[in-house]
Every structure is written in C-alpha cells, then in structure tokens.
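Here the structure is laid out as structure tokens; the discussion comes afterwards.
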Amino acid sequence: MMAAATAVWAGPVTIETKNMTLLLNADTGKQPEYVYFGPRLDNFDADHVQRHADGRMNAYPAYGMNCPAEAAFAMRHADGNMSTDLVITGVERLKNDGNTITKIHMKDKVYPVNVDLCYMEYKDVDMIEAWTEITNNEKSTVTLTQFASAMLPIRRGDVWLSHFYGSWANEAQLVEEPLQPGQTIIRNKDGVRNSHTDHAEVMFSLDGKARENQGDVIGAALCYSGNYRLKIDTDDTEYHYFYAGINEDNSEYHLKKGEKFITPHLALTYSREGLSGASRNFHKWGRKYKLMHGNVERKILLNSWEGVYFDINQEGMDQMMSDIADMGGELFVMDDGWFGVKYPRKTDNSSLGDWEIDRNKLPEGIDGLLRDAKKHGIKFGIWIEPEMTNSVSELYEKHPDWIIKAPERDPVFGRGGTQLVLDLGNPKVQDFVFDVVDRLMKQYPEIDYIKWDANMAIMNHGSQYLPMADQSHLYIEYHRGFEKVCKRIRDKYPALTIQACASGGGRANWGVLPWFDEFWVSDNTDALQRIYMQWGTSYFFPAIAMASHISATPNHTVFRTTSLKYRIDVAMSGRLGMEIQPKNMTDEEKTLCRNAIAEYKQIRPVVQFGDIYRLVSPYDKKGLASMMYVNEQKDKAVFYWWKTESFQNEHLPRVKMAGLDASRRYKVHELNRIDVRPLDCEGQSYSGEYLMTRGLEMPYRNDVEWNKKNDWSSRVLLLEAE
C-alpha cells in the first residue's frame, strides 16, 4: 500500500538496498545525472565518489537538443515540435509496503509535459526497479515516439553480455559475447508472447567473460508481457549506454490531454558473486515480490498432452489419474481436446472460443473428472487458450469483429490454418476472456489448476476496435487488456494455480508472473536439450516457476532416446511433473518414478526455495553440466551432475561445489539410484571446505546390468549437515 510522501526536495539522491547503491544528482533546473551504480557505499565513500569523465550521464536523455546522441525519450508536441528539454522540478519519496519509491519530477522547459523518473528500492532483496511516468498537460494530444523505461550507463572495459536466443522447442539458448563499438539490439515483435526468440533479460559481466560465482555482474530484466527492445549503444565515449523498454516499432502512442503513460518496470541488480549471484538476487526478489504464490510449494503433476494429445475420454483420464496417484503425484491436468459442441476439438484447426464440454468424449463432464480425482486423492486441472479462436468455431461465427485483423485485409491464419488472435484491447473481448475462467470456476470450484496457453503471434496489424487514428496502439492496448483480465481473475480467484504456457516457453517473463504461478519452459521435453534450456532460464527465474516434466522416449520432439533416470534427474531440477502415458510404462519404470517422486518431496523445499549455484555450464562443452541448490540455513543442498556427451576414453573435470558452510560436515546420499552398487561417497561425510575446494569424483557411467547400459548418465546427491 502506498503511504504519504515525504517532503519534496532536490539534490543528491541515494537509492540503496542491502548490498548495492545507486547515486544520482538531482539539482533543480538541471537534468538528472547518474553518479554511481555498484556495491553499497558507506556515507564517506558516497560523499567522495569520483565524477564521471567523457560520458553522457543524463539519466533519461530526451531527443532534440543533442540529436547525434541516442535518446530514451522522444515526442511530437501538439504544435509539431519534435524537441524536448527536461529539467528537474523536485524529488519525492514514498513508502510502498515497507519499500521506498523515489520520484524525480521533471518538466519540459517550455511545454507542459511532465516526466517522472521512478525508482523502487527493496530493503530485503538486492533489487531496484526503474520506470517512467509521462503526463501530457498540453492543450491537445501529443505523440510519444520513444519511451524507454530507463537508461543505464556502463563503463567500458572488458564488458561481456549474456543474453538468450531461441525458437519454439529451443528456448533460452545462452549467448555470451564481448560488447563492441556500435549497437546491440535485442527485441521482440511477436505481439502476444515475448520469450521464444529472445528474452527481455540480460546480464553484463564487468570484468571479462562471465564466471558463475565470481566477478562483478549487472543483471537487468524488463518486466513486460509485450513487445520490447533492449539496446546497448557504444559510441566514442567511455561508456556503453543500455536502454530498455517497450518496442516502439509501429507503436507510436497518442497521449491525450491529461493522460498519463506508465512504462514497464526495469529490474536491476548488482552482484559481486558472478552470474549465479545475480540469479540468486532475481530468484529471491521474484519469489517474494513478483511470482504468484512464490512462497508455496508446487504440486507434482501429470499432464495429459504427450500421453494422449487430443484423444481425451472419460475412461482414459480416470486411468491417468489412477496412475499418477499411485506414483505419488498430487495433481492431474487435462490438456487440449475436451471442448466443442458444434465443432468438436479433435485437431488443432477448430473450436477455440467454444468452451463447452464435448459430451461425446466426456459424457459425465468435468463433474465426473472431479469425482474421479477426488476418488484417487489428487487435485484436478484443465487446459484453456482463452485469447484465441479459430475461424471454424461458433465464437468466430458470432463475433468476427473480435479478432485482430488489418483494415480492408483478409485475416492471416496461424496454427492449423484457422487460428486467430482475439483483440484484447476491446473491453468486450476482455469480458469474454475473463468469463472463460470465471464460468469454469463458478461451475467447478474444485478446479485447482489452469494451464493457460497462447499459440499464435499477431500476424497482421489491425484492430477492429481502435479508431483508425490510433491503430499504432494495437500492441500496447493488447497487453493492457491482458493485464486487466489477469488482475480481475486474481482478484476473484487468488488461490487458483495458473501456468503460463505459450507454445511452450513464450511467456517466461517477469511481466507475466505476478498473475501466474509458473511457466512451461518448452514444448521440447527431451532431457538433454532441456539441460541447456533450463540452464539459460535459471539466470532470471527460480526453479519453483520452471515446469519440468518426465516424458517418454523416443522423445516426441527430437526423437532422442535417453534413460528414464536421466529424464528424472533433469526434471527434478525444476518443478517436477510428468508428460507421459503411464499405461505404456513398465512396472519397473513406474517404481523408479514412484521412488523419484517420494525423494523429490524430500528435497522440494531446497529446490524450490533454495539458492542456486551453477557450477559447470553445458555451453562450455566440457562434456557435463552441473549445478546445485542450497537452503538458507546451509544445512541441506541438492547437487546435480549430468553428462552431455559420451566418448570412449573421455576425461571430465571434477566439479567443485559452492554455497556450503565451509565449517560444517555434510553427509552424502544419492537420489534416484539405479546402480547395482552404491557410490563410494554414499553415506560418507565431507566438510563444506573439502566439497567446495576439491569436490567429489562422479563415475562416468551408471553401474547397471548389461542390458540396461546407456550413454546418458547422471547423478543427484542430497547433502545434509551433521
């Protein structure tokens, strides 16, 4: 809750958390300037910070008075003037749920346009959020053409950038590269989802190629569900200039008289403990302040998709519920294929929007499914895709004006050759999307979990709701509408668990997660490729938010065959679930999964709430990947070791652990063991100092019977302090 502001003043501004400080100059009548961003300063050092040389420190550079330089903000005033000159009118501090918001008030020297630079400092986690509020007090509408959330100067040197690229079924692929003169631009133009091909999160290593647990690192995440642009401009000065905000391409915004435009928040952290240190900061902040139910353990579930695809029926769902309950699972989720009356949903080319039960498939309806779930002692969840429709649907027949479509153009279709995106900028569409969830929950209040999918981008630019003069508002209004719907749902159903699925990992973003409990990392459930995808995803997102499932082999996406233990060991590093048809599993496989689920329940608090330490990256091509989680008390840890290649006469590095208490002793227990003989370290105790300076040798292959040998070996170790 926002409390009353303290007095307005101007002068030096200090924004700080437990371990970092941001200093700005904020003199009345001048432009705000960055002075320092880094590890926390004491009062003496803060008063004696050396001034910057050969750099543009303006915290929010506006276009028009220094045209060759990059700008964070640009506009056309009501009279057509394209220049803006912002100066400080005062500074204000407000309290917000124990944290502090600082607002630096600015105004154009000539025009009545007000811009507030806003910073929220979190006292108990090392995070600062920055955003901008723009208010038009001119006599008529003005046009915003650039509106970054923030700009941050980063001193040149040996600065490396870590960011992510990808595609459907190959999300969050890590790229590490030194920053060079020129521009680096990371952007999204999907319109609906925003983390398939790129991510709105980056890390800057300030002292050479990034290391996991050493070195100075700045982490930045734009908290926005829509199109974004991150830009790093390196010119002839001593600085890289980092800009982050909404992607303005074809999205100029017409700000009406008296209207306020608020940009997305940019979350910033600084770590002296490398990439993993920055990740730990994001995870703690995210679990406490952003992620829905970030302090609640996630259930172990079975999702029906890869098990049966569209072949939904009452008997089959009951069988899958029985199997996951028998293996110790806690939740069953029925995926796509359960709805449609006039147009039954049998494939992906019809019925979206017609959220009525197909009684031919489910004669007893959802009531019967809830009854069966209760019979088996588990919870029930269901799949929906409420932002979309098909041209083959009753919804489209009734409301063709609800879809996104360019004026005077035919619709552009997506998945199945018939899929279309509903225009969430339209309040009637917002009401419809809210009603999809509301009707389900009012009719079936025992539904515990919703998988919310979004399988199409905005392909053609046009809103049938917005006036022609404001067609450029399409992308922004879509996500304003999405946010309004999510807020309405959460206000009414705060306890409901909701997963953000968007053709897999299309909505892994802190702009989405305040209303969602987790996201589906990828439609690709292959364990080997998941190591790479989950590794990149863990840079900014905690394990509790990363849905990671055990699936069948050959894998449905890449057709690779890996051992069940390997698939289990990878899935257990996130929020464990299953994506499989249990009736096709052998009794031995079910027993292995049953044991794994029981052991995951023991380590669930450590994995879902612990501190991450990434140890050996799969991207370093050393033949293995390794990481671990350590709880806050440092008396329990879970260590993961996965091979990523197999060769005869291979030589793998011994992995040094991290994050333990050097003075304590830890007893080792292997989880998910399939070997005929235990590891030589099984039941043994080692000091934290030994484990962090030397580590443990891991056998390169699992010691199993000849007919069970395979080329994918892995280990999961539980460490408990004595």
Side-chain angles (χ1 to χ4, degrees), residues 26 29-34 56-90 103-119 130-153 183 185 187 189 222 224 226-231 233 241-266 425 461 463 466-480:
K30 296 183 179 180
Q31 296 178 347
E33 292 187 333
Y34 281 108
R56 296 187 304 279
M57 296 297 107
N58 183 354
Y60 200 66
Y63 177 80
M65 306 303 287
N66 182 9
C67 296
E70 285 294 317
F73 178 72
M75 65 179 294
R76 285 196 306 275
H77 297 273
D79 64 3
N81 192 333
M82 294 182 66
S83 67
T84 302
D85 192 4
L86 299 171
V87 294
I88 296 168
T89 60
K103 290 192 174 185
I104 301 175
H105 300 300
M106 299 187 295
K107 180 183 175 298
D108 186 271
K109 286 183 177 180
V110 175
Y111 294 88
V113 172
N114 297 84
V115 176
D116 292 344
L117 294 186
C118 307
Y119 301 90
W131 70 97
T132 305
E133 300 179 357
I134 305 155
T135 305
N136 174 26
N137 293 310
E138 295 192 25
K139 293 180 179 180
S140 58
T141 299
V142 301
T143 300
L144 307 182
T145 56
Q146 287 181 253
F147 33 89
S149 296
M151 187 281 288
L152 181 70
Q183 285 194 348
I185 295 176
R187 91 289 182 271
K189 298 173 72 172
L222 187 70
Y224 187 54
N227 293 357
Y228 58 81
R229 176 185 282 124
L230 311 181
K231 177 169 59 179
D233 183 63
Y241 302 93
F242 172 59
Y243 301 80
I246 293 173
N247 189 338
E248 307 98 338
D249 282 358
N250 300 302
S251 292
E252 69 175 25
Y253 191 85
H254 307 131
L255 192 66
K256 296 178 177 61
K257 179 182 178 180
E259 184 181 359
K260 179 184 287 187
F261 185 94
I262 302 175
T263 69
H265 290 208
L266 176 68
H461 190 123
S463 169
L466 291 171
M468 291 300 289
D470 289 335
Q471 289 292 301
S472 62
H473 293 194
L474 171 69
Y475 295 122
I476 292 171
E477 292 298 342
Y478 185 95
H479 287 277
R480 284 178 171 174

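What you see is a predicted model; the values in this text were computed from it and never measured.
- For Phe147 and Phe73, the gap between ring centers reaches or exceeds 6.0 Å.
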* Asked: Can Val113 and Met75 be said to form a side-chain contact (heavy atoms from CB on, under 4.5 Å), step by step?
  -> CA-CA 10 Å; Val113 172; Met75 65 179 294; 3.8 Å; yes
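- Between the His254 side chain and the His473 main chain, no donor and acceptor come within less than 3.5 Å of each other.
- When each of Leu266, Ile246, Thr263 is checked for a side chain to side chain contact (heavy atoms under 4.5 Å, CB included) with Tyr224, only Ile246 meets the rule.
- Distance CG/Asn247 to CG/Leu222: 11.0 Å, rounded to 0.5 Å.
- With sequence neighbours left out, Tyr478 forms a side-chain hydrogen bond (donor to acceptor under 3.5 Å, both in side chains) with Glu387.
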* To do: Walk me through it: do Tyr253 and Thr143 pass the test side-chain contact (heavy atoms from CB on, under 4.5 Å)?
  => CA-CA 6 Å; Tyr253 191 85; Thr143 300; over 6 Å; no
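- Residues Lys107 and Thr89 form a side-chain contact, since some pair of their non-hydrogen atoms from C-beta on lies under 4.5 Å apart.
- A donor-acceptor pair under 3.5 Å links the side-chain atoms of His77 to the main chain of Ser83, judged by distance alone.
- Atom CG in Asp116 sits 5.5 Å away from atom CD in Glu133 (nearest 0.5 Å).
- Residues Leu255 and Asn136 come closest through the heavy atom pair O-ND2, 2.9 Å.
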* To do: Give the C-alpha distance, both sets of side-chain angles, the deciding distance and a yes or no for salt bridge (Lys or Arg N to Asp or Glu O under 4.0 Å) between Glu138 and Lys257.
  => CA-CA 6 Å; Glu138 295 192 25; Lys257 179 182 178 180; over 6 Å; no
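- In terms of heavy-atom proximity, Thr132 sits nearest to Ala148 at OG1-O, 3.7 Å.
- Judged purely by atom type and a 3.5 angstrom limit, Ser140 has no side-chain atom pairing as donor or acceptor with the backbone of Ala78.
- Under the salt bridge (charged side-chain N to carboxylate O under 4.0 Å, His left out) criterion, Asp470 pairs with Lys256, not counting sequence neighbours.
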* side-chain contact (heavy atoms from CB on, under 4.5 Å) between Ile185 and Arg229: does it pass, once the steps are laid out? -> CA-CA 7 Å; Ile185 295 176; Arg229 176 185 282 124; 4.0 Å; yes
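- Residues Met151 and Pro61 share a closest heavy-atom pair of CE-CD, 4.1 Å.
- In this structure, a donor-acceptor pair under 3.5 Å is present between the side chains of Asn137 and Asn114.
- Nearest heavy atom pair, residue Ser251 against residue Tyr475, reads OG-CD1, 3.4 Å.
- Applying the side-chain hydrogen bond (donor to acceptor under 3.5 Å, both in side chains) test to Gln146 and every residue at least two apart in sequence or in another chain returns nothing.
- Taking CD1 of Ile104 as the start and OH of Tyr119 as the end, the distance is 5.0 Å to the nearest 0.5 Å.
- Checked against side-chain contact (heavy atoms from CB on, under 4.5 Å), Asp85 has the following partners two or more places apart in sequence or in another chain: Gln31, Met65, Asp108, Lys109.
- Annotation for Leu117 and Ala59: closest pair CD1-CB, 3.9 Å, computed over non-hydrogen atoms.
- The local environment of OH in Tyr63 is sparse, with at most 12 non-hydrogen atoms from other residues, nucleotides or ligands closer than 6.0 Å.
- Side-chain N/O atoms of Tyr243 and Gln183 include no donor and acceptor closer than 3.5 Å.
- Two residues are said to be in side-chain contact when any heavy atoms from C-beta on lie closer than 4.5 Å; Thr145 and Arg76 meet this criterion.
- Of the possible donor and acceptor atoms, one in the side chain of Ser472 sits under 3.5 Å from a partner among the backbone N and O of Glu252.
- Using a 4.0 Å cut-off between charged side-chain N and carboxylate O, Arg56 and Glu70 make no salt bridge.
- For Arg187 and Asp249, the salt-bridge test fails: no basic side-chain N is under 4.0 Å from an acidic carboxylate O.
- Tyr60 is linked by a side-chain hydrogen bond (donor to acceptor under 3.5 Å, both in side chains) to nothing, counting only residues two or more places apart in sequence or in another chain.
- Under 3.5 Å, the side chains of Tyr34 and Asn58 contain no donor-acceptor pair of N or O atoms.
- With sequence neighbours excluded, the residues satisfying side-chain hydrogen bond (donor to acceptor under 3.5 Å, both in side chains) with Ser463 are Asp423.
- In terms of heavy atoms, Ala130 sits closest to Ala150 at CB-CB, 4.0 Å.
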